[in-house]
Amino acid sequence: MDSSKPQGTDRKTADDDRYVQARHRMIEDIRAMSGIASEYQPAPISEKVLAIMSRVPRHRFVPEDELYSAYYNSPLPIGHGQTISQPYIVALMTDLLAVGKQHSVLEVGTGSGYQAAVLSELAGEVYSIEIVAPLAAQAAKVLGELGYANVEVKAGDGSAGWPEHAPYDGIIVTAAAEHIPQPLLDQLKPGGRLVIPVGGRFDVQNLLLIAKDKEGGFHRHNIEPVRFVPLTGANQN
Ligand code: SAM
C-alpha cells in the first residue's frame with residue numbers, strides 16, 4: 001500500500017482542500033459577471049449568497065468524469081440529457097428569491113441537487129421535485145450524505161407544484177417553461193417570489209421574477225436572457 005496517499009476521511013479532507021481554491025476562483029468569476037446585467041438586478045449578487053456558494057462542494061454534485069470542471073462557471077452534463085446550471089445563474093436566481101431562515105422554498109427541477117444545497121443554507125425548508133427519478137434519487141443521496149437535513153426531494157412532475165407543503169415564500173424553477181404553470185402561481189404566498197425562465201427550447205428565454213403582492217396581484221420583471229433545458233410535465237401542455 002502507498003502510505004503517501006490519504007485514505008478514508010483523510011482522503012476526503014485532502015480532496016476537499018484541493019477544491020477550496022477552485023471554489024474561490026468560481027466565486028471571483030461570478031462576482032465579475034454580477035451587477036452587469038439588468039434593469040431589475042442592478043445591484044451585485046449579495047455577499048451572503050456568494051459566501052454560501054464558497055462553501056457548498058459543487059464537485060459532489062457532478063459526475064466523476066466532470067470533476068476537473070466542477071468549479072468552472074459553466075453548466076455541466078449530469079446524465080439523462082440534463083445539466084447542473086451555471087454557477088452565476090444559480091447565484092443570480094438564489095439572490096432574486098430573497099429568502100431567509102423563516103421561509104419555505106419550492107424548487108422545480110432538482111437535477112444534481114446543487115441548487116437545493118445552496119437554498120438549504122438560506123431558507124428554513126426546501127422542497128425540491130425532479131421529474132427524472134434516477135436524478136431525484138441521486139440528488140437525495142448526496143444531499144443526505146452532506147447533511148442538508150432541511151431539504152426534501154421527491155420524484156414527480158413539478159409543473160403541478162407540491163401542494164402538500166404549499167404555500168411557499170419562494171418558488172424557483174430551474175428549467176424553461178413555455179408558459180408559467182398556474183399551480184405555481186397558486187402555491188405562492190402573498191408577498192412571495194417566483195423565479196422562472198420562460199421561453200421555448202429554440203427561442204430566447206427570459207429569466208423572470210414574478211412578485212405576488214399582499215392582495216394576490218402579480219408583478220412581472222424581466223431579469224435577463226438565459227438558456228435552460230425545457231420544463232416538461234402536465235402543466236406545460
Ligand atoms: N437545479 C438543478 C441543479 O442544481 O443541478 C439543475 C436543473 S436542470 C437545469 C433542470 C432539471 O429540471 C432537469 O433535471 C429536468 O429533468 C428537470 N425537470 C424538467 N421538467 C420538470 C418537471 N416538470 N418537474 C420536475 N423537474 C423537471
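Numbering of residues begins at 1 and proceeds along the displayed sequence. Numbering of ligands and ligand atoms starts at 1, following listing order.
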Seminar exercise, completed: Per-atom filter on ligand 1: closer than 4.0 angstrom to a heavy atom of S159 are 23 (N)
For this session: Consider ligand 1: state whether an atom of it lies below 4.0 angstrom from any non-hydrogen atom of T110.
Result: yes
Problem set entry | Identity and separation of the nearest protein heavy atom to atom 9 (C) of ligand 1 | T174 O, 3.2 Å
Exercise. Can you say whether the rings of Y19 and H59 are parallel (under 30°), tilted (30 to 60°) or perpendicular (over 60°)?
Worked result: parallel
Exercise. Heavy-atom count around K214 NZ within 6.0 Å, excluding the residue itself: above 12?
Worked result: no
Exercise. So is P230 close enough to ligand 1, meaning a heavy atom under 4.0 angstrom away?
Worked result: yes
Exercise. CD/Q138 to CD/E130 distance, rounded to the nearest 0.5 angstrom?
Worked result: 12.0 Å
Exercise. Taking heavy atoms and a distance under 4.0 Å, where does E107 meet ligand 1: side chain, backbone, both or neither?
Worked result: side chain
Seminar exercise, completed: atom 4 (O) of ligand 1: closest protein heavy atom, distance to 0.1 Å, is Q115 N, 3.0 Å
Exercise. For ligand 1, which atoms have a heavy atom of S85 less than 4.0 angstrom away?
Worked result: 6 (C), 9 (C)
Exercise. What is the closest protein heavy atom to atom 13 (C) of ligand 1, and at what distance does it sit?
Worked result: Q82 OE1, 3.2 Å
Exercise. In terms of side-chain heavy atoms, does E107 have a donor or acceptor partner in S128 at a distance below 3.5 Å?
Worked result: yes
Exercise. To which protein heavy atom is atom 27 (C) of ligand 1 closest, and what is the distance rounded to 0.1 Å?
Worked result: I131 CG2, 3.6 Å
Problem set entry | Pair E28 + R31, salt bridge at N-O below 4.0 Å | yes
Exercise. Is there a heavy atom in G156 that sits closer than 4.0 Å to ligand 1?
Worked result: yes
Problem set entry | Heavy-atom check, side chain of Q86 versus side chain of N73, under 4.5 Å | yes
Exercise. Is D29 close to Y88 at the side-chain level, that is, under 4.5 Å between some pair of heavy atoms?
Worked result: no
Exercise. Taking the minimum heavy-atom distance to atom 23 (N) of ligand 1, which of T83, I172, T232 ranks first?
Worked result: T232
Exercise. So do L184 and Y168 actually touch side chain to side chain, heavy atoms under 4.5 Å?
Worked result: no
Exercise. So which heavy atom in the protein is nearest atom 5 (O) of ligand 1, and how far is it from that ligand atom?
Worked result: S112 OG, 2.6 Å
Exercise. Where is the nearest protein heavy atom to atom 14 (O) of ligand 1: which residue, which atom, and how far?
Worked result: E130 OE1, 2.7 Å
Problem set entry | Atom indices of ligand 1, in the order listed, that fall short of 4.0 Å to a heavy atom of I84 | 5 (O)
Problem set entry | Closest approach of any protein heavy atom to atom 12 (O) of ligand 1, naming residue and atom | G109 CA, 3.3 Å
Exercise. Would you say the side-chain atoms of R23 and Y71 include a donor-acceptor pair closer than 3.5 Å?
Worked result: yes
Seminar exercise, completed: The answer for which part of L135 has a heavy atom under 4.0 Å from ligand 1 is side chain
Problem set entry | Validation row: T94, I45 side chains within 4.5 angstrom (heavy atoms) | no
Exercise. Has R55 got more than 12 heavy atoms of other residues, nucleotides or ligands less than 6.0 Å from its CZ?
Worked result: yes
Problem set entry | Shortest protein heavy-atom distance from atom 24 (N) of ligand 1, along with the residue and atom involved | G158 N, 2.8 Å
Problem set entry | Polar side-chain atom of S34 near backbone of P44 as donor-acceptor pair, under 3.5 Å | no
For this session: With heavy atoms of V132 as the reference, note each atom of ligand 1 found under 4.0 Å away.
Result: 16 (O)
For this session: Could you list the atoms of ligand 1 found under 4.0 angstrom from a heavy atom of Y114?
Result: 4 (O)
